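See below for the structure under consideration.
As the structure is a prediction and not an experimental result, all values here were calculated from the model.
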Amino acid sequence: MSDAPPSPAARPRVLSGIQPTADSFHFGNYLGALRQWVALQEDHEPFFFIADLHAITVEQDPKLLRDRVRRAAAQLLAMGIDPERSAVFVQSQVPAHAQLSWVLQCLTGFGEARRMTQFKDKSAKGGEGQASVGLFTYPILQAADILLYRPQYVPVGEDQRQHLELTRDLAGRFNHRYKKTFRLPEPYILKETAKITDLQEPTAKMSKSASSPAGIVEMLDDPKVSAKKIRSAVTDSGSEIRFDETEKPGISNLLTIFSALTGREIPDLEKAYDGRGYGDLKKDLADVVVDFVTPFRDRTLELLDDRAQLGAILRDGAEKAGAVAERTLADVYDRVGFVAPGR
């Protein structure tokens, strides 16, 4: 058995996942992070997964969960994830995720797990007594997700930094207690991402759970609906089109979306709309949004209509991921002292 991480000559391995908790990606998570996964394929060896094991830490409707897993996978492919260059897979189809999670749980202190801020945040609503044990151990499963692939990098936002630190701590603890098995993954700081806010409450981020329907642009909405939401977006007092998040959060958000979708720099947009009204900006941006989401939506629906093809892509991705994950798990099981089958 080998504990060697991927060769330095090889493309550095990177891993990321998304939960299937919505029917559609929205501009906030797509423009803020997801579309940057596509660029990672150029110089990295990516593993991208749909985190359905994480999704059931809160109650889910089984039929809806299956549908959302397929929708998430189809959208990843529609946005440019290439299954020839990336392993795209469903977390529950690689059993090693749950198996390694148990080993890591046995290395994690109760107090250490309890300090995870996401558990505090997510259990606050119903109280800790109503939260599932799965929600409590969620960061440890996340550590298993990462360590199985011995990646060099993990794309993280600020809200995930604490979980990556736990992952590094558990990797170091395992290496010290048994034998060097895991590389300590490094955070991959994505280039400055577009911070997209609610169209109706531009001082709050665009969020599936917190935004009103009018405040969120869904990638799979009818493009005409999305255009109407842009034209109805809240703007600010005055008439000058300039980027100022404090004084003009509404206009600043529209400029950010415009820039993210077209690649035009914000100062260039400010210059182009100098002396023009908010209505001109909204009308033009609505057209840009329609042109952008229409092919994405069409491709996603096409993939969802061909369930056999989508299933085959996910099966191939699970096989690619499983081949790597099973090698890591075999090393872990051997070092922990488990008896291998037939020995």
### Message
Tell me which pairs pass ring pair (Phe, Tyr, Trp, His ring centres under 6.0 Å) where either residue lies in residues 208-237, with sequence neighbours left out.
### Response
none
### Joint cluster assignment, L184 & L170, ILVMFWY side-chain distance < 4.5 Å
no
### Message
I'd like to know if the side chain of R11 and the backbone of Q41 have a donor-acceptor N/O pair within less than 3.5 Å.
### Response
yes
### Task
Return each pair, listed once, that meets ring pair (Phe, Tyr, Trp, His ring centres under 6.0 Å) where at least one residue sits in residues 301-343; pairs must be two or more places apart or across chains.
Y333-F338
### Message
Could you check whether any side-chain N or O of K282 sits under 3.5 Å from a backbone N or O of A233, counting only pairs where one atom can act as donor and the other as acceptor?
### Response
yes
### Query
According to the ring pair (Phe, Tyr, Trp, His ring centres under 6.0 Å) rule, which pairs have a member within residues 213-241, sequence neighbours left out?
none
#### Entry: With sequence neighbours excluded, residues passing ring pair (Phe, Tyr, Trp, His ring centres under 6.0 Å) with F174
Y178, F182
### Query
Between R114 and F136, is there a donor-acceptor pair closer than 3.5 Å when you use the side chain of the first and the backbone of the second?
no
### Query
Is a side-chain donor or acceptor of Q309 paired with a backbone partner of D306 at a separation under 3.5 angstrom?
no
### Task
Sequence neighbours left out, what passes side-chain hydrogen bond (donor to acceptor under 3.5 Å, both in side chains) with R231? Give chain and number order.
none
#### Entry: Those residues that, when tested against T294, pass side-chain contact (heavy atoms from CB on, under 4.5 Å) (two or more places apart)
P223, V290, D298
### Query
Say you draw a straight line from OG1 of T300 to CG of L310; how long is it, rounded to the nearest 0.5 Å?
10.0 Å
### Message
Do Y138 and L53 land in one hydrophobic cluster if side-chain heavy atoms of ILVMFWY residues count as linked below 4.5 Å?
### Response
no
### Query
Within the side chain of K229, is there an N or O that forms a donor-acceptor pair under 3.5 Å with the backbone of I216?
yes
### Query
Can R13 and E45 be counted as an ion pair, charged N to O under 4.0 angstrom?
yes
### Task
Keeping to residues at least two apart or across chains, list the side chain to side chain donor-acceptor pair (under 3.5 Å) pairs with something in residues 248-257.
T197-N253, K248-Y278
### Task
Could you label the plane-to-plane angle of the F292 and F27 rings as parallel, tilted or perpendicular, counting under 30° as parallel and over 60° as perpendicular?
perpendicular
### Query
Just how far is it from atom OG of S16 to atom OH of Y188, taken to the nearest 0.5 Å?
11.5 Å
### Summary
Residues at least two apart in sequence or cross-chain that pass salt bridge (charged side-chain N to carboxylate O under 4.0 Å, His left out) with E112, listed by chain then number, are R173
### Message
Are V288 and M206 linked, directly or through intermediate hydrophobic residues, by side-chain heavy-atom contacts shorter than 4.5 Å (ILVMFWY only)?
### Response
yes
### Query
Among the clusters formed by ILVMFWY side chains lying less than 4.5 Å apart, do V69 and I56 turn up in the same one?
yes
### Task
Could you note down all residue pairs passing ring pair (Phe, Tyr, Trp, His ring centres under 6.0 Å) where residues 235-257 supplies at least one of them, sequence neighbours left out?
none
### Query
What pairs with F25 under ring pair (Phe, Tyr, Trp, His ring centres under 6.0 Å), at least two apart in sequence or on another chain?
none
### Message
Taking ring pair (Phe, Tyr, Trp, His ring centres under 6.0 Å) as the definition, give me every residue that meets it alongside F47, ordered by chain and number, with sequence neighbours left out.
### Response
Y149
### Query
According to the salt bridge (charged side-chain N to carboxylate O under 4.0 Å, His left out) rule, which pairs have a member within residues 66-94, sequence neighbours left out?
D23-R68, E42-R85, D67-R71, D82-R85
### Task
Using the six-membered ring wherever Trp is involved, compare the ring planes of F89 and H97 and label them parallel, tilted or perpendicular (cut-offs 30° and 60°).
tilted
### Message
Just to verify, which of L141, I18, L135, T21 counts as forming a side-chain contact (heavy atoms from CB on, under 4.5 Å) with H54?
### Response
L141
### Query
What is the distance from atom NZ of K283 to atom CG of D280, rounded to the nearest 0.5 Å?
8.0 Å
#### Entry: Short side-chain to backbone donor-acceptor contact, T262 and R264, under 3.5 Å
yes
### Query
What distance do M219 atom CE and R35 atom CZ have between them, rounded to the nearest 0.5 Å?
9.5 Å
### Query
Is any side-chain N of the basic residue among K179 and D334 closer than 4.0 Å to the acidic one's carboxylate O?
no
### Task
Take D236 and R242 through the test salt bridge (charged side-chain N to carboxylate O under 4.0 Å, His left out) and record every step on the way to the result.
CA-CA 11 Å; D236 317 290; R242 63 183 169 85; over 6 Å; no
### Query
Would you say the side-chain atoms of Q200 pair up with the backbone N or O of S232, donor to acceptor, closer than 3.5 Å?
yes
### Task
Show your reasoning for whether salt bridge (charged side-chain N to carboxylate O under 4.0 Å, His left out) applies to D222 and K228.
CA-CA 10 Å; D222 183 314; K228 186 177 179 183; over 6 Å; no
### Task
State plainly whether one hydrophobic cluster holds both Y273 and V234, where clusters connect Ile, Leu, Val, Met, Phe, Trp and Tyr through side-chain heavy atoms under 4.5 angstrom apart.
no
### Task
Quick one: do T181 and R335 satisfy side chain to side chain contact (heavy atoms under 4.5 Å, CB included)? Show the steps, please.
CA-CA 9 Å; T181 303; R335 282 149 200 188; 2.8 Å; yes
